[in-house]
Amino acid sequence: MYQAPRGTQDILPEDEPYWRQVEKQMRRQARLANYGEIQTPTFEETGVFARGVGATTDIVEKEMYTFLDKGGDSMTLRPEATAGIVRAYLQRGMASRPQPVKLFMLLNTFRYDKPQKGRFREFHQIDFEAIGEADPSVDAELVALHWRLYAELGLRDLSLQVNSIGDHNCRPAYIALLADYFRQHLDGLCEECQRRLETNPLRLLDEKRPQCQAVLEGAPRSADHLCDACRAHFETWLSYVEAAGIPFEINSRLVRGLDYYTRSVWEVWPPVVGAQSTLGGGGRYDGLAEQLGGRPTPGVGFASGVERIILEIKDQQVDMPSPTAPDVFVVYQAEGGKLAAFRLAEELRAQGISADLSFGDRKLGKQLSAADRARARFALILGEDELASGTVTLKDLQSGGDQRRVSRHDLVSVLRQADAATQ
Ligand code: AMP
């Protein structure tokens, strides 16, 4: 038997309420802050991510699903959303719209990662971006939206971690300082960190291995080495986050280790923090559009893993609506009744009333248990008597099985009334 590829999942109907709730909340927050939905392709030319995510990141170094298509062009399944969205912004002339262009997307993403709890090879992200504006209040709007998304899903005790990593003016000197510091403390670093030191010293700050922690704790902090413009941007950003009533912690080890990420970075952590637990993260990327061949264009955004959000909702035992269930389950006498039952189910569906029924030729008792298992509100029984008299028996499965006869003529209005009564 075939198995789903390692690190992929089948999302089954019982999880649907979680997905629906997360998606609903995403759309609600988008509407409240006026973000428009975008869809970009599942794959892009490899360069979009190689340049847009950055050659020295884990994603580009080891995790991309890259293939040559039949025309010989190198394509990559998207490992994240931002690069594709910025590519679309540039290609579709969105710079001529009022700025910032505020966009959101729900997407599947692909990373050849090591599968474990909360870490998949195909996963889903909610992504929000605001492109074309450098004002730090935009960063604050996104942080507030990000925070509200979780809060309104019912998540509690989260923590917002923030930092600033400077820009092309002040970051080179900071990185040089950082690299010097690490070179003086090579003995305290694992081999992987020693290797990364040569390609991307900032990324060391992200390292989770215990053996490196003492050295990392003593490392110079980016926020202490910002130029005046970056310091002002950082302070203004945080004053706006404060104005939105959101508590935060400045975390000097939070980084995005790429040249075109600039200034603001943030992450939201759940109460129990593990290596795979970050719910979502964001940051500013004022250098990205240029990397993709466009005019210099500031931008800021965040992404959050849907599977991670759902794991956290389950861990925190947040109440979710039940999976959808049919309004009625049509139950019929096997001989003669099936065609009438099928027709009735179709009539009800056409009237907007959800209806299901058994297939095959099951006995009435079996069909009634199927109605129970489907968690239908009513069983709608079409026996011989009912067929002969143009009626149905309506059995209320949710109030202990009360039964009454209803004429076919009144059926829809009776069901509509019952539906209204349970809303
Ligand atoms: P990143 O682009 O790495 O900052 O990821 C953004 C968010 O996507 C993270 O905070 C996670 O919620 C989620 N995420 C990243 N990688 C994975 C993965 N392999 N499996 C599931 N979720 C992921």
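Indexing begins at 1, ligand by ligand and atom by atom, following the structure's order.
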Sorted by chain and residue number, the residues having a heavy atom closer than 4.0 Å to an atom of ligand 1 are R111, D113, G118, R119, F120, F123, Q125, R256, T278, L279, G280, A303, G305, R308

Discussion item. Here's one to test your reading of the geometry: is the NZ or CZ of R263 within 45 degrees of the ring axis of F234 and under 6.0 Å from its centre?
Written reply: no

> Do NZ/NE/NH1/NH2 and the carboxylate oxygens of R284 and D167 come within less than 4.0 Å?
Replying inline: no

Quick note, salt bridge (Lys or Arg N to Asp or Glu O under 4.0 Å) partners involving residues 217-238, not counting sequence neighbours, are E217-R253

By side chain to side chain donor-acceptor pair (under 3.5 Å), R78 pairs with (sequence neighbours left out) N108

Which of F302, Y35, F248, F128 passes ring-ring contact (aromatic ring centres under 6.0 Å, His included) with H146? It is F302

Residue set satisfying side-chain contact (heavy atoms from CB on, under 4.5 Å) with Q351, at least two apart, ordered chain then number -> V412, R416

